[in-house]
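Chain A is the first sequence line, chain B the second, and so forth, proteins listed ahead of strands; every chain is numbered from 1.
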2 protein chains.
Amino acid sequence: MTPTRIKLDRGRGALGPALELVHTGRAPTRAVLTTELGVTRATAGAVATELQALGLITVDPRPHAASGAQGRPSHRLDIAADGPVVLAVQVHADGYRVALVGLGGRIVATAPACMTVDADPARIIGDAVAAGAELLAATGRRCLGAGLAVPSAVAEPEGTALNPLHVAWPAGARVHDIFRDCLAAAGIGVPGRCGNDVNLAALAEHRHGAGQGSQHLLCVATGHRGVGGALVLDGRLHTGSAGLALEVGHLIVDPAGRACHCGARGCLDVETDPLALLETAGVTPDPALSPLDQARALLGEGHPAEPGTRQAVEQLVDRLGQGLATMVNVLNPDRIILGGLHQSLLAAAPERLRSVVADRSLWGRSGSVPILPCSLGHNSLVGAAELAWQPVLDDPATALAVR
Amino acid sequence: MTPTRIKLDRGRGALGPALELVHTGRAPTRAVLTTELGVTRATAGAVATELQALGLITVDPRPHAASGAQGRPSHRLDIAADGPVVLAVQVHADGYRVALVGLGGRIVATAPACMTVDADPARIIGDAVAAGAELLAATGRRCLGAGLAVPSAVAEPEGTALNPLHVAWPAGARVHDIFRDCLAAAGIGVPGRCGNDVNLAALAEHRHGAGQGSQHLLCVATGHRGVGGALVLDGRLHTGSAGLALEVGHLIVDPAGRACHCGARGCLDVETDPLALLETAGVTPDPALSPLDQARALLGEGHPAEPGTRQAVEQLVDRLGQGLATMVNVLNPDRIILGGLHQSLLAAAPERLRSVVADRSLWGRSGSVPILPCSLGHNSLVGAAELAWQPVLDDPATALAVR
DNA sequence: CGGATTTGTTTCACGGCTGCACAAAGTGAG
DNA sequence: CTCACTTTGTGCAGCCGTGAAACAAATCCG
């Protein structure tokens, strides 16, 4: 009988930012949400109510515990335990991984890891998406999007994989179209988005891992072969004008170094990847094993005892430091996160790496940037989910309303 | 007698974007403003009226001429001829320049160029600001801000000049504080902002010159000594987390090259600046003259005839191309603008430079980025003005209301 | 001169937000 | 235990910016 019933549609503009705050764990309570959003309590209340009505979060009036602070305890904001999910797929050199990921980067369900390689990307991606469809059917969760991480540069806006060497795909494979077709074939009526695995790992680390709070996050990681880089600026991936930025593998880090297929000598790629460590340490790589695993085995727990290995590590650390310093001079990040073998090199000789970066970068200040290891288990997978969540984070009401 | 009189304060939110469109010449008429803003004609009309009321633009009902198009001609939008200005100061190796700059990057008044150098930045900046105060008094224009361009990296947020070598200032000079104090001493009650000259030149080129429309603009330029870089992302300067990004002078472009004071060999700085050209061409530089002028004189009009010079030019072009390719791989810009000697090198051997960049960058596509020369006369000076205009462009109503 | 077309103007409505007043829920001192 | 105090949630009035729609104005074209 009340004249104005649905007047609760307040707070549409702040919905996206609010959801992002909860998603990244920066708004555990409604009071924090209010201050972080910079709005009034009334607005924050309307926004929280709306997000709860959308089934994305829960608002719990009971406080977290004895907060210890004075005043009325604030309502807790949690991600809805039975809320919607997105489908995340990561293709890597040895196979693929599939998972359903909820808000907050939480992996809700995982398919058994598959260790299959196939020169036809449609087969691999099709299998992965089919596994995802099974997961969705088994869990009964609503799916809002899908993301795919591939170990290759992905050109935008076409969505083609330019150098999918690790997975033996043809260069220029139209992974975006393939992914979309596979989703349609599996009956998952959501849009799919693709990205480079290191880029997506950086995004995941920024949202949920060691990159939280960084404004200019640089991420560098080795896969089995070669080096990838990524930059997250103000919370958004910077992929350049055509998706090809942060191709840092061919920065020259040792003028007298190995010859690279690119024509130059001493590229970061050939000087600091797993094969480089094996070769420098005088170990013949076993082609049946992953170079990354072999290199990590060589490093062992902490500092390797063997002098030859130790010297090889120091050489790689120096080369990596030179490369990072160059990136610091160009990009001036406020934090650096290392993954893959680079993460292990950091663990093996943290002080040496930091001092090389500081010495080789122009300003002591920019060179003293913190260098941290990755902190998430499956950061590329979670990053693929972030890609899928993005439309929801940008405009929750519209993204939830479409179907 | 009308009940609602001052109801014209509509359109505050779109005010900034609208002014920016007029400022950059992208909204010559009200109809274009409407489509560019993506709002209704009513909103665009209110916005235009408001900007006119603020004295920033004029709305002329008479069309530009015989437009040739059908329908009612749209009202012209012009920058107010007697509108407010900002004070722009550029300090360079030989002295300083002072100007009053209106919207649209138009230089309204200029003080006579001063050719004085002084190891005390406060003296130089003080003289320049005093000259600016005279200009303001003589023209009677309202001043809304002040910008200063210096030939040095400027650390943010402190505003210290880290390497003001060209001007013989002490490293770490607090140019921001000095500028602010000088403005106060001269009775110009506006905030001052400082920036690196190449950064500001890039900003000016993006707003009013060869960089218009670019989303990822890379700018590289030589001064008298050394190389500077700048990146304009989506219309905003990217200066990194501490203002120190795009320090591209020490990218390694020739492993067998000259020793650099940074400790490495073959840095872009020592391989492609004016002194490098003179040295490579076998010319002894005259310390009394500017190295840039001497290098340009060597190049002459177009292609130099002398074989030794020609060879030197090709070597520098190759080195520059290697450096640009490295930046392309890291930043993936959609356009490159060259200034200083690099601009002259581009003019002397455009095809060679473009092919080197394409060959040395990883993807043919990203390597085929357009490379253009600077197109503005005093781009650092205009860029300093852009810095000062920024608060007005962000929120015209507030910026105009303060005094 | 009269459609056709495009643009400027007026009016109305509405959605998102702020500001304010008040209620609710805790802490801490006596 | 009670009462001040602090902090947070909620309801209500109102403002401000924008969109939608109808109308008026200005030019081209036949």
Contacts of type side chain to side chain donor-acceptor pair (under 3.5 Å), residue A:Thr58, not counting sequence neighbours: none

Take atom CG of B:Leu15 and atom P of D:dC16, then tell me their distance rounded to the nearest Å. 15 Å

Matching residue for B:Val85 among B:Ile107, B:Val101, B:Thr139, B:Leu136 - test: side-chain contact (heavy atoms from CB on, under 4.5 Å): B:Leu136

How long is the line joining CD of A:Gln52 and P of D:dT10, in whole Å? 10 Å

For A:His208, what residues pass the ring pair (Phe, Tyr, Trp, His ring centres under 6.0 Å) criterion, not counting sequence neighbours? A:His23

Return the value, rounded to whole Å, for the distance between atom CD of B:Glu50 and atom P of C:dT9. 15 Å

Can you tell me how far P of D:dG9 sits from CZ of A:Arg76, to the nearest Å? 14 Å

A:Leu37: which of A:Thr43, A:Val32, A:Leu21 passes side-chain contact (heavy atoms from CB on, under 4.5 Å): A:Leu21

Centroid-to-centroid, A:His206 to A:His216, below 6.0 Å? no

Member of A:Val86, A:Leu387, A:Leu148 meeting the side-chain contact (heavy atoms from CB on, under 4.5 Å) criterion with A:Arg193: A:Leu387

Please determine whether a side-chain nitrogen or oxygen atom of A:Thr43 lies at a distance below 4.0 Å from atom OP1 or OP2 of C:dT18. yes

Euclidean distance, atom CG of residue B:Asp60 to atom P of D:dA26 [Å, nearest integer]: 14 Å

If each end axis of the helix from C:dC1-D:dG30 to C:dG30-D:dC1 is fitted on five C1' pair positions, the angle between them, to 10 degrees, is 10°

What's the CG-P distance between B:Leu37 and C:dG8, to the nearest Å? 13 Å

Please report the distance, rounded to the nearest Å, between CD in A:Glu36 and P in D:dT8. 13 Å

Look for any protein N or O under 3.5 Å of an N or O in nucleotides 4-6 of chain C and output each such pair with its distance, or none.
| unit_1 | atom_1 | unit_2 | atom_2 | d |
| --- | --- | --- | --- | --- |
| C:dT5 | O4' | B:Gln70 | OE1 | 3.2 |
| C:dT6 | O2 | B:Arg72 | N | 3.0 |

Under the side chain to side chain donor-acceptor pair (under 3.5 Å) test, residues paired with A:Arg236 that sit two or more places apart: A:Asp394

For atom CZ of A:Arg41 and atom P of D:dC12, their distance in whole Å: 17 Å

With sequence neighbours left out, what residues match B:Arg26 under side chain to side chain donor-acceptor pair (under 3.5 Å)? B:Thr24

B:Val22 side chain near B:Leu103 side chain, heavy-atom distance below 4.5 Å: no

